[in-house]
Amino acid sequence: MTDLPPLNGLRAFDVAGRRLNFRAAADEMGVTQGAVAQQVRQLEAQLGVKLFERLPKGLALTSTGRSYHTRVAQAFAELRSATAHLKPEPNKVLISVTPTFAAKWLIPNLPDFSDKYPDIDLRILATEKVSSFHSDGIDLAIRQGAPPFGASIKATLLFRQDVIAVAAPKLLANVDLPIRPEALSHLPKIHDAHDLWPGLLNAAGIADQHKRGLRLSQTALAIDAAISGQGVALVSRFLVSNEIAAGKLLDLGYSIGAGPQDFYLLALRRSDPSRAIDTVVSWFTAQAQHQD
């Protein structure tokens, strides 16, 4: 087992490695320049390696020092992050959402939240991975699925999954409305990671005559591609309601049931109620009901 060097020495090395100057490092740490230099010398002696080149006007990391500093700096950053999670921030709420939900619903609605609740710091973690309430420190999450999500989780239904086919008016310039199955079969299709087109075409008895379609990794990109006229996209109705109302997209009258994939707002069941979290939950619920 390797003994760890003294924490003071590692801290002096971390700061000096960022500042490349003992005096600047001393100012940041609130100690003397000599104290920083001594701690670094002691660290070098214990490790048996040279971490810095002493220059007339500062410092330069050696190749060994540079490699070691990268990992030491990461360790201190992790310690700062872990400590920050312990500090109570009663008006901070961290919510985990998918990038598509963030871009196409949450961000457009945020001005209303900010106007109503300027004292609440709503932070957004946009990620495709399933975030953890415990290890990631999130307070709320938007998930697709069906209850139960776990005994410790309170789930609030926001939106039913209602997948529709949409396209830009310019794509349909030479197509009679409403779109007949034969016409739909010849239009270019936009595919995302959910790959819902085969289900809709099979259910409607339509053979896809336009075999080559645009394939994208996220529904948000599929929506943008549809708006630009690159094809027909299958998306949840609530994600494109504003675009349909604005005439940027047309509902082609085709829909598909995607199974138990409704959108829920999830929160931990808490013994210590949080006014900020409860306010955010109430706002989400009200906005979803208003959109319906």
Side-chain angles (χ1 to χ4, degrees), residues 97-109 126 128 130 141-147 149 155-169 171-172 175 177-266 284-285 287-292:
V97 299
T98 64
T100 291
F101 189 93
K104 296 305 178 183
W105 191 89
L106 184 50
I107 298 299
N109 282 280
E128 294 288 359
V130 178
I142 304 293
R143 294 281 184 272
Q144 278 186 267
F149 293 94
T156 302
L157 176 64
L158 292 181
F159 300 103
R160 295 290 185 187
Q161 174 73 309
D162 180 16
V163 177
I164 60 174
V166 294
L171 182 71
L172 310 174
V175 179
L177 298 178
I179 301 291
R180 296 181 179 276
E182 178 64 19
L184 180 62
S185 72
H186 287 87
L187 290 174
K189 314 298 187 301
I190 301 171
H191 305 264
D192 63 16
H194 298 291
D195 195 27
L196 297 176
W197 271 112
L200 184 144
L201 295 174
N202 290 337
I206 300 173
D208 191 2
Q209 303 299 325
H210 199 285
K211 298 296 184 182
R212 295 184 62 185
L214 181 62
R215 297 186 178 274
L216 301 165
S217 62
Q218 294 182 0
T219 304
L221 300 177
I223 293 172
D224 290 340
I227 292 173
S228 68
Q230 297 184 53
V232 184
L234 290 177
V235 297
S236 296
R237 184 185 300 274
F238 80 93
L239 291 174
V240 291
S241 61
N242 290 336
E243 285 76 10
I244 292 175
K248 295 180 181 179
L249 290 173
L250 296 176
D251 180 352
L252 304 190
Y254 292 85
S255 62
I256 182 174
Q261 291 295 309
D262 297 329
F263 291 77
Y264 287 85
L265 176 61
L266 307 184
F284 266 94
T285 304
Q287 288 295 109
Q289 291 175 345
H290 176 74
Q291 187 162 327
D292 286 345

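Start at 1 with the first residue, then count along the sequence. Computed from a predicted structure; not experimentally measured.
Proximity of Pro188 to Gln230: side-chain heavy atoms (C-beta onward) are nowhere separated by under 4.5 Å. Side-chain atoms of Leu265 and Ile142, non-hydrogen and from C-beta on, do get closer than 4.5 Å to each other. By the 4.5 Å heavy-atom criterion applied to side chains, Ile223 and Val166 are not counted as neighbours. Between Val232 and Ile179, the closest side-chain pair of non-hydrogen atoms is not below 4.5 Å. Side-chain contact check for Tyr254 versus Ile206: some heavy-atom pair is nearer than 4.5 Å. Residues Pro147 and Tyr264 have side chains in contact (heavy-atom distance under 4.5 Å, counting atoms from C-beta outward). Considering only heavy atoms from C-beta on, Thr100 stays 4.5 Å or farther from Asp192 through its side chain. The side-chain heavy atoms of Phe159 and Leu239, taken from C-beta on, include no pair separated by under 4.5 Å.
Note that the CZ atom of Phe263 and the CZ atom of Phe284 stand 12.5 Å from one another [nearest 0.5 Å]. With rounding to the nearest 0.5 angstrom, the OG atom of Ser217 is 7.5 Å from the CD atom of Glu128. Between the NE2 atom of His191 and the CZ atom of Arg215 there is a distance of 4.5 Å, given to the nearest 0.5 Å. Separating the CD1 atom in Ile227 from the CG atom in Leu249 is a distance of 5.0 Å, to the nearest 0.5 Å. To the nearest 0.5 Å, atom CG of residue Asp224 and atom CG of residue Leu216 are 9.5 Å apart. Here CG of Leu221 is found 8.5 Å from NZ of Lys104. Values are rounded to the nearest 0.5 Å.
Pairing each heavy atom of Leu266 with each of Ala155, the nearest pair is CD2-CB, 3.5 Å. When every heavy atom of Gln144 is checked against every heavy atom of Gln261, the shortest pair comes out as NE2-O, 3.1 Å. Contact between Gly247 and Pro169 at its shortest, heavy atoms only, is O-CG, 3.4 Å. Closest approach of Asp262 to Gln161, counting heavy atoms only: OD1-N, 2.7 Å. Scanning both residues, Trp197 and Ala165, for their nearest heavy atoms gives CH2-CB, 4.5 Å. Contact detail for Ala102 and Ala126: the closest heavy-atom pair is CB-CB, 4.2 Å.
Judged by distance alone, the side chain of Thr98 and the main-chain N or O of Phe101 form a donor-acceptor pair under 3.5 Å. Judged by distance alone, the side chain of Lys189 and the main-chain N or O of Leu184 form a donor-acceptor pair under 3.5 Å.
For residues 238-248, the pairs satisfying side chain to side chain donor-acceptor pair (under 3.5 Å) are Ser241-Gln291, with sequence neighbours left out.
Listed by chain and residue number, Gln287 satisfy the side-chain hydrogen bond (donor to acceptor under 3.5 Å, both in side chains) test with Asn109 (two or more places apart in sequence, or in another chain). Remark: Arg237 pairs with Asp162, Asp251 by the salt bridge (Lys or Arg N to Asp or Glu O under 4.0 Å) rule, at least two apart or across chains.
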